[in-house]
Q: 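Sharing a structure with you now.
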Amino acid sequence: TGIVTKPTAITQVRSALRNASYDAIQKMKRDAFAAGPVICARTGTTIGTPSDLQIRYRSPSFARLTDDFAASIGGWSVIGTMSSGAGAEVSDPAVKAAWVSYFIANAVPSFETKY
């Protein structure tokens with residue numbers, strides 16, 4: 001196996017989309033804990049704190065969410081990115097807002113203990 005030195009364009013956009021959905025993901029975590037005990041979908045054990053929680057996307061996967069979003073707005077090339085100190089970001093605020101809305105409406109989180 002080799003070391004990937006430069007991400008593909010789609011990988012870069014997916015990273016930017018993941019970063020754009022950070023606040024929505026944190027809200028999912030807070031809401032889960034506010035609703036009561038959070039049970040790990042993988043082990044069945046109670047997750048103690050939000051910092052012990054990771055969110056996975058299985059159906060649909062994160063890749064499927066991003067693929068479908070890109071297709072819905074005209075393709076991957078429509079989603080411009082820029083790099084900041086925090087990593088890849090979606091460069092167009094309207095596209096970022098559309099993604100976050102799409103993500104919130106379509107993501108089905110699976111709560112799991114970090115491993």
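Computed from a predicted structure; not experimentally measured. Both backbone and side-chain heavy atoms feed into the values below; hydrogens, waters and symmetry mates do not.
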Q: Same hydrophobic cluster for I73 and V90, using side-chain heavy-atom links shorter than 4.5 Å among ILVMFWY?
A: yes
Q: Would you list the pairs meeting salt bridge (charged side-chain N to carboxylate O under 4.0 Å, His left out) in which at least one residue belongs to residues 77-86, sequence neighbours left out?
A: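 Output for this query is empty, none listed.
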Q: Applying salt bridge (Lys or Arg N to Asp or Glu O under 4.0 Å), name anything that partners R42, two or more places apart in sequence or on another chain.
A: E112
Q: Not counting sequence neighbours, list each pair that qualifies as a salt bridge (charged side-chain N to carboxylate O under 4.0 Å, His left out) and has a residue in residues 88-106.
A: none
Q: Do you know the tightest heavy-atom contact between Y57 and A107?
A: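 Looking at all heavy atoms of both residues, the closest pair is CE2-CB, 4.0 Å.
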Q: If I take atom CG from residue D23 and atom CZ from residue F103, how far apart are they, to the nearest 0.5 angstrom?
A: 11.0 Å
Q: Provide the closest heavy-atom pair for T81 versus A16 in the form atom of the first, atom of the second, distance.
A: CG2-CB, 3.6 Å
Q: Who passes side-chain contact (heavy atoms from CB on, under 4.5 Å) against A98, sequence neighbours left out?
A: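 Result, side-chain contact (heavy atoms from CB on, under 4.5 Å) vs A98: F69.
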Q: Which residues pass the side-chain contact (heavy atoms from CB on, under 4.5 Å) test with T45, sequence neighbours left out?
A: C40, T43, T113
Q: Checking I39 now: which residues fulfil side-chain contact (heavy atoms from CB on, under 4.5 Å) with it, not counting sequence neighbours?
A: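 By the side-chain contact (heavy atoms from CB on, under 4.5 Å) rule, I39 matches T46.
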Q: With sequence neighbours left out, write down each residue that passes side-chain contact (heavy atoms from CB on, under 4.5 Å) with R30, or none if nothing qualifies.
A: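 For R30, the residues satisfying side-chain contact (heavy atoms from CB on, under 4.5 Å) (neighbours in sequence not counted) are Q26, K27.
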Q: I'd like to check the salt bridge (Lys or Arg N to Asp or Glu O under 4.0 Å) partners of D52; sequence neighbours left out, ordered by chain and number.
A: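 For D52 there are no salt bridge (Lys or Arg N to Asp or Glu O under 4.0 Å) partners, ignoring immediate neighbours.
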Q: Return the set of residues passing side-chain hydrogen bond (donor to acceptor under 3.5 Å, both in side chains) with S21 (not counting sequence neighbours), or none when no residue passes.
A: none
Q: Would you compute the distance between atom CZ of R14 and atom CG of N19 and round it to the nearest 0.5 angstrom?
A: 14.0 Å
Q: Indicate, with yes or no, if F33 and Y22 share a hydrophobic cluster defined by side-chain heavy-atom contacts under 4.5 Å among Ile, Leu, Val, Met, Phe, Trp and Tyr.
A: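 Different clusters.
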Q: Could I get the full list of side-chain hydrogen bond (donor to acceptor under 3.5 Å, both in side chains) partners for S51, not counting sequence neighbours?
A: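 With sequence neighbours excluded, S51 shows a side-chain hydrogen bond (donor to acceptor under 3.5 Å, both in side chains) to T49, given in chain and number order.
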Q: Find the distance between CD1 (I10) and CG (D67) and round it off to the nearest 0.5 Å.
A: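 Rounded to the nearest 0.5 Å, the CD1-CG separation comes out at 7.0 Å.
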Q: Determine which pairs satisfy side chain to side chain donor-acceptor pair (under 3.5 Å) with at least one residue from residues 97-108, sequence neighbours left out, and list them in order.
A: none
Q: Taking side chain as C-beta onward, heavy atoms only, is F111 less than 4.5 Å from I55?
A: yes
Q: Please round to the nearest 0.5 Å and tell me the distance separating atom NZ of K29 and atom CG of L53.
A: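 Spacing of NZ (K29) from CG (L53) equals 5.0 Å.
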Q: Salt bridge (Lys or Arg N to Asp or Glu O under 4.0 Å) with D68: which residues, sequence neighbours excluded?
A: R64
Q: Given the rule that I, L, V, M, F, W and Y join up when any side-chain heavy atoms are under 4.5 Å apart, are I79 and I104 in one cluster?
A: yes
Q: Could you tell me whether the side chain of V13 reaches within less than 4.5 Å of the side chain of T66, counting heavy atoms only?
A: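 In short, these two side chains do not touch, never coming nearer than 4.5 Å.
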